[in-house]
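We count ligands from 1, going down the list as the structure has it; atoms in each ligand are counted the same way.
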Amino acid sequence: MHEKTFTRHELIEAVFKGASEAAMFADENRRIVQVNPATLEMFGYGPNELIGQQTSILYADESQFHEQGQLRFSSSAPAGTEAYRISYKRKSGEVFPSETIGGPVRDQDGEILGYFGLIRDISDQVRTENSLHELYKISTDQRLTGQQKIQSILELGAKHFSMDFGIVSRIADDTYTVEYATSPDQSLKPNSVFPVENTYCVHTLARDDVTTFHNAGDSEIATHPCYREFQLESYIGLPLTVDGKQYGTVNFSSPTAKRSPFSSQDEEFMRQFEQWISNELQEMQSVERLMQARRDAEEANRTKSRFLATMSHELRTPMTGIFGMLDMMGTTALTPEQKTYLRQTRECAENLLTLLNDVLDLSKVEAGRLTLESIPLQPRELIDSIASTNLPSAQKKGLKLCVDTDVSLPSVLCDPTRMRQVLANLVSNAIKFTREGSITLGCHLVETGTDEVTLRFEVSDTGIGIAQEQLGRIFESFGQADASTSRLYGGTGLGLAICKRLVETMGGQIEVESELNHGATFRFDVTFPLAYGKADPAPDAVGGDATVQDNDNDGLRVLVAEDNEVNAMLLDSMLSKMGHSVTIVTNGAEALRAVQDETFDIAVFDMNMPVMDGVEATRRIRALDSTAARLPIVALTADAILERRQQYLDIGLSEFLTKPINWTALQKALRTHTQSGDNAAPVPDLQQASLSLFERELQNVPLRESAQLDELEHRLGSGALATLVISSFEAFESFAAKLRRDLAKGMPEESRATLHSLKGTALNFGAKRLGLLAAELQRLVTEETETARFDMLIVKLQPTIEETRKVFEERYKVSLAEKQENRFRA
Ligand code: ADP
């Protein structure tokens, strides 16, 4: 092998000339003596243009020239080993960053011969560093959405590579869809679609790595459709992988050719872009997946609630039949064993119905389907009624049930059914979880505004209490204080969940205060609109706001005949509270004896009694040959069948009240029959009322007289009551249809009779507003002078039936089929 030997000088010369860095020598005055070809290339000067020039010509900044003179290019400076970052300036004026080393060159004696310098152009490196910094800033900017980040990254890439176009594409089934784009004047729109083979990306996908063209027109790619169509000269692209799957490409392109091919640094940088974009897309996909999962879950929840609501509603219809049939079976001759089975079956059915009702209520609230009514209610009446309904079960356990209300509470507009439901639930819980002591049901005024009032309801007990750590749980669905609760006390844990949601729907917040073994107090405040305005007291004539405490009768001597011990006790305490003196007997025979021995102002007889029933006792009293024969007698019966009513009145009973007892009605009956001595019409005041007054007052009358029906339901069982409600609505409809025919035929007497029946049926079933409307129509229909008023009022009949039906359907969960033909002159 031939070996060439270099002199030391030759060697230095070779390195000097071949170096890619600019290398130069200057004299002790920093005038350029010699430069290598790279210097000329880097700074853009001709071969002789730099020789003899001071190096200051190369500096971008004069002050740096002086600074460097002190640091490196002075006789005292150390040998040039330390690197500096300096901005230099090309002949064109373009400034570029560089890294440089340099310093003095000395002879063997240490005398300065001149200075040397080496300069490396680091524009690319700095650009990359800046872009990376920008990339980091974009990705961590909390204010940007995923889409905005991708858009900004694309714009940054286009700037970095000095390209016009930047695209994130999605490629599926040979179709290239532009998902994100940056272009001059926004000319390239997202969602533009191309066949993938018409794009350079087909090569990128085939290569599965960074693919570049810097001068497509001068390459084999010149025949590619992309070049023919768009004349894109330069391109850098990379397949885009998201979540490990091929997604599309990221690419930058430009119609301008690049002077030199893309560097490996460019390729590396392209990989960085792909990474960041892929991360953003992946992040967006997982957020979208999460949101979709949430939407699915919410929809599933709504579907569940709707399903539960429909299902429990549907299940109630056959339940009504079951109760009806059980009640019927109870009236047949049964062996004691069969009676036990029947009772147990009924209990199971009742539990099932309670559960169904609870599930329905809860799912209704959750599905947003619960609407509250706005009906006038006297809070004290509600509290009293709940207390009297729950009194027997409290007394059975030897508990005291106290009522604690402010003396005067205004009537409010609320949903009485739901209010009752919440309070009744709290009271029955209190009774259930208390072994000894008392339960207090309270209602107090918190704040009074011009047309609204805030009331605080409170139910407290002296029972087992709730442990601190369980307090949060008990309002959750199926939340019971501890696992043994349902074993010891039964229940499902739905009651309080429903109470909480109902109170929230009313705009309140239910809270509990309790300590284990020290009782519990449940309380909530609700703001209600005032029913009659502040200065305007409740209309007593039709509103029925009298409460049991009111005492507007002089003390009467009342004979009560009632065999049921609890009822007798109730009557005793209620009538005494009203200020009457009460004598209790337990059957008709005793009553007959009593009226002959003592003088009474009025008698209240239960109709079903052993030994001698109420009907027989009444007959015999009426047959007596003394003033006792004219004793007003009020009949109490659980038997609400219509025909019976007439029969009772025929035998000389003064008034007929259904059980459970409506105290307001009883009080009115006592007053009516002791003052006038005759059977006054049910609505005497209305005779004089003007039509507009009548209408206004009618609006204040509840569609459904709740307390009476609730007690009825409590006593009769919901099955029997629902059956009665269904037949009463059938009766309303057939009366209404008959009335329409009667009126059409111009038969006022017939119409009057029909309205009379309608009124009776309606009032008997607690359809109070409908009953009063029918009463007024009955009065007007035969009066020739009242035709106009009758015509104005009759149009209200069908809407009132419909409104009443809605309230009843909602309350008894029965479907009361509509009959379309019954439309009045509307
Ligand atoms: P249920 O009574 O059907 O179990 P609730 O939702 O009405 O369901 O009550 C949930 C739980 O809250 C009860 O199981 C009981 O543990 C607790 N709780 C409710 N009221 C009282 C109370 N007055 N005293 C003690 N614990 C109570």
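For ligand 1, the atoms sitting less than 4.0 Å from at least one non-hydrogen atom of Leu496 are 5 (P), 6 (O), 7 (O), 9 (O), 10 (C), 12 (O), 19 (C), numbered in the order shown with element in parentheses. Near Asn429, with a cut-off below 4.0 Å to any heavy atom, the atoms of ligand 1 are 2 (O), 5 (P), 7 (O), 9 (O), 19 (C), 20 (N).
Between atom 12 (O) of ligand 1 and the options Ile498, Leu494, Ile474, the minimum heavy-atom separation is to Ile474. Among Leu471, Leu516, Asp461, Thr521, the residue whose heavy atom lies nearest to atom 23 (N) of ligand 1 is Asp461.
In this structure, Lys432 is part of the shell of residues with a heavy atom less than 4.0 angstrom from ligand 1. Put simply, no part of Gly463 is less than 4.0 Å from ligand 1, judged by heavy atoms.
Residue pairs meeting the salt bridge (Lys or Arg N to Asp or Glu O under 4.0 Å) criterion with at least one partner in residues 440-450, sequence neighbours excluded, are absent.
Exactly one of Val422, Thr389, Leu441, Thr440 qualifies for a side chain to side chain contact (heavy atoms under 4.5 Å, CB included) with Val427. That residue is Leu441.
Looking at ligand 1, you won't find any N or O of Phe522 less than 3.5 Å from one of its N or O atoms. When only interatomic distances are considered, the shortest N/O to N/O separation between Ala520 and ligand 1 does not fall below 3.5 Å.
At a heavy-atom distance under 4.0 Å, no atom of Thr434 approaches ligand 1. Only the side chain of Ile466 comes within 4.0 Å of ligand 1, judged by heavy-atom distances.
Atom-to-atom distance recorded for Leu636:CG and Leu666:CG is 6.5 Å, nearest 0.5 angstrom. To the nearest 0.5 Å, the span separating CE on Met609 from CD on Glu562 amounts to 7.5 Å.
Between the side chains of Arg295 and Gln292, a donor-acceptor pair is found at a separation under 3.5 Å. Between the side chains of Arg420 and Ser385, at least one donor N or O sits under 3.5 Å from an acceptor N or O.
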Name the atoms and distances for all side-chain donor-acceptor pairs under 3.5 Å in residues 460-468, with sequence neighbours left out.
from, atom 1, to, atom 2, distance (Å)
Asp461, OD1, Gly463, N, 2.9
Asp461, OD1, Ala520, N, 3.1
Thr462, OG1, Glu436, O, 2.9
Thr462, OG1, Ser438, N, 3.1

